[in-house]
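Please read the structure below before turning to the comments.
The shown structure was predicted, so the numbers you read here are calculated from the model rather than taken from an experiment. The figures here come from the full heavy-atom set of this structure, side chains too, leaving out hydrogens, waters and symmetry mates.
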Amino acid sequence: MAFQKPSHTFTKIHLKALQTKSLYILFTLSFTVFINTFSLAQELPKKEGRIPAKQQKDTTSIVLDSIVNPPQKTIEIDSTKQDSTKQKGLLEGTVKYTAADYVSLNQKKTKIYLYNKAEVLYQDMEIKAGVIEIDYSKNLVYAGRIKDSTGYSQRPVFTQGQNVIEPDSIVFNTETKKALVFNSRTEQQGFKVYSPITKKENDSVYFMKNGRFTTAEDEEDPEYQFVTTKMKMVPNKKVIVGPTYMEIYGVPTPIALPFAFFPMTKKQTSGIIFPSFGEDSNRGYNLQNGGYYFAISDYLDLAVLGDYYTNGSYGLRIENNYALRYKFKGNISFRYENLLNEERGFPDFSQSTIYNIRWSHSQDTKANPNSRFSASVNLGSSTYYQESINQLNQSNFLNNTLASSVSYSKTFTGDPQVNLSLTATHSQNTNTGDINLTLPTLQASMGRVYPFAPKTGSKNGIIENINFQVTTRGEYSIQTNDSIFGKSEMYDDAEIGMSHSLPITTNFKIFDYFSVSANASLQENWTLKTISRYYDQANDEVVTVNKNGFDRYLTYSAGASIGTTIYGMYDFENENKDAKLKAIRHVMRPSISYSITPAFDQYYETYDVIDADGTTTDQVEYSRFENSLYGAPGNAFSSSIGLSLSNNIEAKVRAKDSTQTEPEKVTLLNSLNFSTAYDIAADSIKWSPLRLTGGTQILNNKMSVNFSMTMNPYALDSNNDVINTFNINNGGSLFRLTSANVSMSYTLSNDSFSGKDDKEKEASAAESARSGGRTDDLFGRTQDYANQRLSDDDRSEDEKEENNEFYNYKMPWSLRLAYAANYNNTQRQNEISSHSLMFSGDVDISPKWSIGASSGYDFANQGFSYTQLRFERDLLSWRMNFSWIPFSDQSSWNFFIGIKSNLLKDLKYDKQKQADKTVGN
C-alpha cells in the first residue's frame with residue numbers, strides 16, 4: 001500500500017520510510033524529553049471528544065474471545081535491519097508501540113495516534129500515557145491523559161533507567177528540542193516540585209513560573225511548602241529560585257528569602273556548613289560548628305568548623321574521613337579552643353587554651369592476612385572535656401581518662417611462625433594530669449615448638465608435650481605530666497629496656513581424671529639506666545647517682561599444677577515428674593599449684609649509714625636495678641602453694657512452650673571462684689587473703705551481675721597493721737572482710753517481652769564515641785541536633801505503622817541501668833567508698849512524641865549525678881528537639897526545630913543557653 005505524496009515535505013515515500021521517520025520524531029522526543037529527575041508533567045490541550053480512529057486493514061489474528069478481550073495492537077520495527085548501504089538512522093534497537101484500543105497512522109493529517117494504555121518501548125526508555133499523538137508535519141509530539149466521566153486518568157509516565165517522571169501532559173518540538181509542560185510534578189532525592197508552566201530550554205535547563213517545592217510526604221496536601229515566582233533547574237546538578245516565601249498548610253508566613261540555591265547532585269559536593277546560634281553569660285553571643293565542607297574525592301573529605309564568641313573566645317575543629325574499599329577506613333579530628341573568661345581589663349579576666357586530637361583507623365580483614373595496622377587515639381589537654389564550651393562535649397565532661405593505642409603487627413609464616421608487633425600507647429588521668437607513654441613497645445614472639453613431638457599422630461606423655469616459646473619485649477616508657485607534655489623536660493625521666501623470656505611447659509594426665517602441668521621460665525632483662533647509692537656523711541643524706549650504660553639480670557622460676565573436673569547432678573524428676581524444676585547441675589574445678597622462685601641476692605648491694613662519730617649505725621640494702629624499666633629482681637626466696645576452686649551451677653526447668661519436649665537450660669551462676677595461697681618459705685603471715693569472685697546473668701540474660709570480695713584470715717593491731725595472728729584467735733571471725741564490690745547492668749525495652757532485640761541507636765552511639773563519650777547514654781547524649789544524631793529512627797516503616805495502629809496498648813520504650821557499690825575495710829574503715837545508680841531511658845508517649853532522661857543517684861554523697869532531660873517531637877517533615885541539663889555547673893538547655901530533609905536541613909532555628917563555666921574550674 002502506497003501513501004500519497006505530502007505537499008510540503010516528501011516526494012516519494014513508502015510505508016517503511018514513513019514508519020522510520022515517525023519513530024525518529026518520537027524517539028528524538030524520548031531522549032530529549034527526559035526532564036531528568038526534575039521533568040514536570042503537563043496537561044494536554046483539552047479536546048471535545050475522543051480522537052477518531054482511521055480505518056485500515058489489520059492483519060492481527062482474531063481468536064474466539066477477541067470480542068470479549070480485544071487484543072492490543074502492536075507494531076514492532078527493528079531499525080537495525082535497514083539496508084547497510086543507507087545512512088544509519090538515530091534508532092539503534094527494536095521499537096515497540098502498544099495501545100489497548102488502537103495504533104493509527106493518518107497520512108492526510110500526517111499524524112500517528114496511540115490511544116488508551118499507550119506504550120512506547122525503546123532500549124531502556126518506556127513511555128506510558130492515555131494518549132500519544134505525533135504530528136510529524138509540525139515536528140510536535142503530544143502525550144497526555146484521557147478524560148472520562150470520573151475526571152482524568154492515565155497520566156503520562158516517562159521511565160528511563162531508574163528515573164520516573166509523571167506529567168499531566170507535554171508538548172515537545174523534535175526539531176528545536178524545546179518543550180512546554182503544564183501543571184508539572186516531579187521529585188528528586190525527596191525534593192518535590194510543582195509548576196503550572198515549565199519551559200524546557202534545552203537538554204539540561206528548565207525554567208518554571210510560579211512554582212512551589214516541598215519535602216512533605218503528602219504532595220497533595222503538604223504541611224509546608226515554599227512558593228517562588230521563578231525557578232531554574234539543571235537536573236542532577238542544581239536548583240536556583242528567585243524571591244521565595246514559606247507557607248504552612250496554605251497560610252503564608254513572613255519567612256522569606258530573596259533567592260536560594262540548592263545543589264542536587266548525588267555525588268559529594270563541597271559547601272558551607274551553617275552554624276548554630278547560642279548565648280553565654282560570660283562570653284556573649286556565639287556561633288558554633290559553622291564552616292566549610294571540602295569533598296576532596298570519593299576516598300577523602302575534610303570539614304573545617306569554627307566557633308566564635310563576642311568576647312573574643314574562639315574554637316577551631318578540623319575533621320577528616322577517609323576510606324578505601326577492601327583496604328582501610330578511618331577519621332581524624334582536631335579541636336582547639338582559645339577561651340576568654342569575662343572581658344579584658346576586668347579583675348576576673350582569665351585566658352586558657354585547650355586541645356584534643358582523635359584518630360581512628362581500622363584495616364579491612366581482607367586487605368592483608370599477615371599484617372595489620374590499627375589506631376585509636378584520644379589525647380589532649382587534661383581539662384579539655386571539663387572546660388570545653390562546645391555543645392558536642394556537654395555530656396562528656398565526666399570523662400576522667402584519655403587513652404590511645406597505635407599498633408602494627410606482622411606475621412612471618414613458616415615453622416615456627418614468628419609474630420612481630422609495634423605498639424605506641426598513651427594513658428592520661430585528667431584529674432591529676434599524669435601521662436604514661438610508650439613510644440613504642442616492640443614485641444616479637446616465636447610460635448610454640450614441640451621438639452619431642454612425633455611427626456604424625458597425637459602427642460602423649462610428659463616428654464612429647466614439652467614445648468617452649470621465645471618472647472622478646474622492648475619498651476621506651478615516659479612518665480610525665482600534662483603541664484610539660486610536648487616539652488623537652490618530659491624526656492628527662494624516660495626509661496628504656498628489653499625483656500627476653502623463655503617459658504617451657506608440658507602437660508599430661510594421671511589416673512585418667514587429673515590434668516597435670518609443669519612449667520619453668522627463664523627471663524633476662526636489659527636496661528640502659530642503673531643507679532648507685534652512698535651515704536654522704538657531711539650532708540647527712542643518702543645520695544643516688546644515675547648511671548647510663550648497658551646492664552642486665554637473669555631470673556628464673558618453676559612451678560606445677562594439678563586439677564580435675566567434678567560433675568554433680570541432682571534430678572528432681574525422680575521425686576516429682578510434674579515439677580517445674582527438673583534438675584540442677586554443679587560443675588567444680590579444683591586446682592592445686594606450686595611455684596618456687598629463688599632469691600637473687602647477687603643483684604643487691606649495701607651502703608653504711610655513719611653518724612657524726614664515724615660509727616656505722618645501719619646497713620641498707622638496695623639494687624642497682626631499682627629505677628630500671630622492669631624494676632629489681634626479688635631478693636626473697638618464695639615457695640608457695642596455691643589453691644583455687646571454680647564453680648558453675650545450671651538448672652533445667654520445664655519449657656514454657658508446651659510443644660517442646662526437652663527442658664530449658666538456665667544458668668544460675670556463670671562462675672563462683674575461690675582462690676588463696678600459702679607461702680611455705682615465709683617467716684610470718686603465710687596465708688594470702690581469700691579472694692572470691694562471681695558473676696551471673698538473670699532476667700532472660702538482660703541483667704548481668706558481677707561481684708567480688710577479699711577476706712583476710714589475719715587480725716590487725718592497734719595501729720591497724722596486719723599481724724601474724726589469726727583473726728579467729730584474736731576474738732574475731734574466721735575471716736575479716738577487707739573489701740567487696742558489686743556491679744550490675746540492665747538493658748530492657750518493650751521488645752524484650754516480644755522476643756525482639758533491643759537495637760541501640762547506632763548513629764547516636766557512634767557520634768558519642770567519636771567525640772570521646774559513652775555509647776550507653778548514661779552520661780547523656782551529644783547535642784548536635786542539626787546532624788540528626790538525636791532523632792535518627794532505626795525502626796522500619798512496618799514497625800512505625802504497627803505502633804501507630806496499636807498505640808492504645810503499646811508504647812515503645814527502652815531503659816538502661818548501671819549499679820555499682822564498693823566496700824572498704826582494710827584498716828577498720830568499715831565504709832562504703834562508692835555507691836551509685838545510673839540510668840538512661842526513652843519512651844514514645846505517642847507516635848510523634850518521645851521523651852528521655854539520663855541521670856543517676858549517688859547514695860554515698862546523697863545527691864543526683866549528671867542529669868539530662870530530652871524531648872523530641874516528630875512534625876512530619878520537620879522535627880523538634882529540646883535538651884535540658886537542669887542543675888550542676890553544666891546547667892544548660894538547647895532547643896532546635898528544622899526540616900528533616902538533607903536538602904533543606906539548613907532551614908532551621910536553634911537556641912542555646914550554655915553552661916556558665918569559669919575557665920580553670
- So L437 and T425, side chain to side chain contact (heavy atoms under 4.5 Å, CB included) or not? Walk me through it. CA-CA 6 Å; L437 297 172; T425 62; over 6 Å; no
- Ring centers of H835, Y823 separated by less than 6.0 Å: no
Spacing of [X] atom [atom1] and [Y] atom [atom2] [to the nearest 0.5 Å]:
X    : Y    : atom1 : atom2 : value
Y630 : Y553 : OH    : OH    : 9.0 Å
H500 : T472 : NE2   : OG1   : 5.0 Å
N824 : T710 : CG    : OG1   : 10.0 Å
L442 : Y408 : CG    : OH    : 12.5 Å

Take atom [atom1] in [X]; do more than 12 heavy atoms of anything else shown fall under 6.0 Å from it?
X    : atom1 : result
Q862 : CD    : no
F859 : CZ    : yes
N431 : CG    : yes
Y513 : OH    : no
N720 : CG    : yes
Y450 : OH    : yes
I832 : CD1   : no

Under 3.5 Å, is there a donor-acceptor pair between the side chain of [X] and the main chain of [Y]?
X    : Y    : value
N467 : T505 : yes
Q417 : T413 : no
N724 : S684 : no
T676 : S688 : yes
E831 : Q829 : no
N727 : S733 : yes
T430 : N400 : yes
S675 : S644 : no
D679 : A681 : yes
N729 : T725 : no

Just by distance, with hydrogens left out, do [X] and [Y] show a side-chain donor and acceptor under 3.5 Å apart?
X    : Y    : answer
T738 : N712 : no
S708 : N741 : yes
Q443 : R473 : yes
S499 : N525 : yes
Y866 : S854 : no
H426 : Q428 : yes

Nearest heavy atoms of [X] and [Y], plus distance in Å:
X    : Y    : value
P454 : K459 : CD-CG, 4.3 Å
S477 : L629 : CB-CD1, 3.6 Å
Q469 : M446 : CG-O, 2.8 Å
F373 : H361 : CD2-CD2, 3.4 Å
S404 : N378 : OG-N, 2.8 Å
R736 : N825 : NH1-O, 3.8 Å

Below 4.5 Å, heavy atoms only, C-beta onward: do [X] and [Y] meet side chain to side chain?
X    : Y    : value
N519 : I504 : no
T423 : T438 : no
V516 : K509 : no
F674 : R691 : no
L422 : V406 : no
Y857 : S865 : no
F726 : W687 : yes
S623 : P633 : yes

- Query: Would you call the rings of F600 and Y603 parallel, tilted or perpendicular if under 30° counts as parallel and over 60° as perpendicular?
  - Reply: tilted
- Give me the one residue out of I466, N465, I462 that meets side chain to side chain contact (heavy atoms under 4.5 Å, CB included) with N507. N465
- Item | ring pair (Phe, Tyr, Trp, His ring centres under 6.0 Å) between Y604 and Y622, intermediate numbers included | CA-CA 6 Å; Y604 282 79; Y622 76 96; 8.4 Å; no
Should the pair [X]-[Y] be classified as a salt bridge under the 4.0 Å nitrogen-to-oxygen rule?
X    : Y    : result
D551 : R624 : yes
E495 : K529 : no
E626 : R533 : yes
K652 : E664 : no

- Message: Run S362 and S374 through side chain to side chain contact (heavy atoms under 4.5 Å, CB included) and show every step you take.
- Response: CA-CA 5 Å; S362 60; S374 64; 5.7 Å; no
- Task: Might you work through the side chain to side chain donor-acceptor pair (under 3.5 Å) test for Y746 and S704, ending with a clear yes or no?
- Result: CA-CA 7 Å; Y746 188 33; S704 60; over 6 Å; no
- Query: Would N419 and T411 count as a side chain to side chain donor-acceptor pair (under 3.5 Å) if you check the C-alpha gap in whole Å, the side-chain angles of each, and the deciding distance to 0.1 Å?
  - Reply: CA-CA 5 Å; N419 300 311; T411 300; 3.3 Å; yes
- Message: S517 vs S561, test: side chain to side chain donor-acceptor pair (under 3.5 Å). Steps then yes/no.
- Response: CA-CA 5 Å; S517 65; S561 66; 2.8 Å; yes
- Determine, step by step, whether L669 and N648 satisfy the side chain to side chain contact (heavy atoms under 4.5 Å, CB included) criterion, reporting the C-alpha distance in whole Å, the side-chain angles of both residues, the deciding distance to 0.1 Å, and the verdict. CA-CA 6 Å; L669 277 174; N648 175 271; over 6 Å; no
- Checking side chain to side chain donor-acceptor pair (under 3.5 Å) for the pair D434/Q479: CA distance, chi angles, key distance, verdict? CA-CA 7 Å; D434 293 335; Q479 294 186 354; over 6 Å; no
- Message: Under the criterion side chain to side chain contact (heavy atoms under 4.5 Å, CB included), I'd like the reasoning laid out for I685 against V722: C-alpha separation, chi angles, the key distance, then a yes or no.
- Response: CA-CA 9 Å; I685 309 181; V722 179; 4.0 Å; yes
